[in-house]
Amino acid sequence: MAGQSLTYKILRAHLVEGELISGKEIGVKIDHTLTQDATGTMAYLQFEALQIPRVQTRVSVSYVDHNMLQTGFENADDHRFLQSVAAKYGILYSRPGNGICHQVHLERFSEPGCTLLGSDSHTPTSGGMGMVAIGAGGLDVAVAMGGGAFYFKMPKVLGVKLTGKLPPWVTAKDVILEMLRRLTVKGGVDKIIEYHGPGVKSLTVTERATISNMGAELGATTSLFPSDENTKQYLTAQGRAKSWKKWEADKDAKYDEAIEIDLGQLEPLIARPQSPDNVVPVKAEAGKKVAQVCVGSCTNSSYKDLMVVAKMLKGKKVHPDVSMTITPGSRQVFEEISRSGALTDLIAAGARIIESACGPCIGMGQAPPTGGISVRSFNRNFAGRSGTQNDLVYLASPETAAACALKGVIADPRELGKCPKIAVPTKFVIDDSGIIKPPKDAKSVEIVRGPNIKPLPIAPAVEDRLEAEVLIKAGENVTTDHILPAGAKILPLRSNVPAISEFVFCNVDKDFVKRAKEKGKGLIVGGENYGQGSSREHAALAPMYLGVRAVIAKNFARIHKANLINFGITPLEFENAKDYQEVTQGDVLEVDGLKQAILSGKTGITARNKSKNRELNLKIDLTQRLRKIVAAGGLLNYTRNQTVTAKATVR
Ligand code: MIC
Ligand code: SF4
């Protein structure tokens, strides 16, 4: 028998339903969950609806890191709600200021060989520690907190063999940018990316985490590294040596697909606006004037990332035309750079220090100026995400970002001479006072709800005859940032679906909401990889609230498709991708026998384009379980119906 991949080994140890055959649905036991504040309020409202008195997982953490700008009562109210919910249901609460969920989870909780489900698309960061860590919608995370399995299609395993060693100034960020250059933003869809080979041992845990974090931009289900001596060292430095266990693939492991990267051949890379796969060598863009540089985000804000930037800036000044910001990934990183004096060097160089949070990465301030290039150590540069329309955001390593900050233009860090060496502490500052433990007895805990928290809307069941207008025809690789943007103005409305739905497609088509409301019901048509990017279920919930009943696309990004199903919007795919051309915004489509087709397991259905008098063949690519959920009008309806039926049977 051929050897097993690490993915296979960990999944097999957690399998509760199905077979590990790619393309087949599997159910997996979840050990850890994480939520963040922008998706967490919905996730916990959904958890409350499940009526389970206490979480059933080994570790569940509620982080506050996104909605940190308190320009009104909304975010502060939501934080208080999250803290009280955590206390009530047995969840750890990571306070605002404690850091970005993925960085803190890696430092304080991640365990090799375990599973983690998080309501954020960059949950795979913990794959850097040998965890199968998957991003999902809040409702799936709520179900996992209640002890339910997580269901997904067994992905193919793509083995990436790393050989060689990174040259000076070339970093883990350049490895993942190289992956994006080769595979594009849809190259990882329905795949788990497993790194192996002799090059792995030259990468530290936080470097591996940078690579697995940004595997989300490939559309991958997750990315995974083995747990080895480096992992042991990192866990020991975090005072968690006991959590270490060796986990690796068999030497003769078989992968469904395989590629190889010689680390020694890489050079500093940069993703041009406005897609993370628009990757070129830094030198190809060198000399372009830069207005802003931002170092931070869950991709690149570890101790080493910030120390190297501080060393590069020490005794020098940020270019007068550049505004440079630093967001440390966690309070631990912040404290470390402060104790070592590196923070002083950053301040003296003229960098603007922001608290430990997502900050500029999600448009919570620091929008770049009109027409000005922003070079960021982040993971996404989707149009408008920074808060500025027609933004010019480039993605690169902290080293490249710091070189740009010093020179005032896009600059290859190799021009700066000797690359600073950073010794990572053998013992980090450990202070978990920012993580509040829930009381053993939660009877007296009252959940505090501010006026920003509105009840969750529920979808109607699928109709058998659907006749509706195409409200918008979206293009290729449309992101959830296009469907429902984030940013300082919109994020505070995450707990209020009626209010946030006013912003659906606001940067793409400002009349969308008006049109949807006038029609009362409608369809969305999309291209390939529809809904890539963030896990925000609001990108399904808000269109559902506006009457969207189905999305017809060439194909879907994994998390968004699951969110559509969970909220009762039927995802349908063009049988023939060319038919996408045949549909125009405003066309009226009619699908007869939809509910019947979904429930009977039919894999195809014909829609009639009444406006063009043509027929369209559509695919229904759903497992039996998902068919029941979508037909019921989503997971909450489905669960409620099941409970009612169970009660009736008992009686
Ligand atoms: C993102 O990076 O887009 C976010 C903001 O972290 C999202 C979650 C959200 O929209 O709340 C993600 O990655 O899932
Ligand atoms: Fe936060 Fe940005 Fe990471 Fe999303 S990608 S979790 S917004 S730091």
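If you're wondering where the values come from, they're calculated on a predicted model, not measured in any experiment. Counting starts at 1 for both ligands and their atoms, following the listed order. Positions are given from 1 along the sequence.
Looking at R385, R536, H122 and measuring to atom 10 (O) of ligand 1, the nearest heavy atom belongs to R536. Closest to atom 4 (Fe) of ligand 2 by heavy atom, among H66, R380, M214, H102, is H66. Ranked by closest heavy atom to atom 5 (C) of ligand 1, the top entry among R494, H66, Q36 is H66.
Remark: E399 does not engage K173 in a salt bridge, criterion side-chain N to carboxylate O under 4.0 Å.
For ligand 1, the atoms closer than 4.0 angstrom to any heavy atom of S535 are 12 (C), 14 (O). If you number the atoms of ligand 1 from 1 as listed, the ones under 4.0 Å from a heavy atom of S534 come out as 3 (O), 7 (C), 8 (C), 9 (C), 10 (O), 12 (C), 13 (O), 14 (O). Of all atoms in ligand 1, listed by their number and element, those nearer than 4.0 Å to a heavy atom of D120 are 4 (C), 6 (O), 7 (C), 8 (C), 12 (C), 13 (O), 14 (O). Near I362, the atoms of ligand 1 lying under 4.0 angstrom from a non-hydrogen atom of the residue are 5 (C). Those atoms of ligand 1 that come under 4.0 Å of a heavy atom in A38, given as number and element, are 11 (O).
For residue C358, no N/O/S atom approaches atom 2 (Fe) of ligand 2 to within less than 2.8 Å. The nearest N, O or S atom of C298 is closer to atom 3 (Fe) of ligand 2 than 2.8 Å.
Crowding of R182 atom CZ: a count of heavy atoms from other residues, nucleotides or ligands under 6.0 Å exceeding 12.
At a heavy-atom cutoff of 4.0 Å, ligand 2 is contacted by the side chain of N379 but not by its backbone. Only the side chain of D120 comes within 4.0 Å of ligand 2, counting heavy atoms alone; its backbone N, CA, C and O stay farther away.
Any N or O atom pair closer than 3.5 Å counts here, and T39 shares no such pair with ligand 1. Between R380 and ligand 1, a contact under 3.5 Å exists for at least one N or O pair.
Distances shorter than 4.0 angstrom do not occur between any heavy atom of M364 and any atom of ligand 2.
The distance from the OG1 atom of T7 to the NZ atom of K191 is 13.5 Å, given to the nearest 0.5 Å.
Ring orientation note: the planes of F109 and H105 are tilted relative to one another, at an angle of 30° to 60°.
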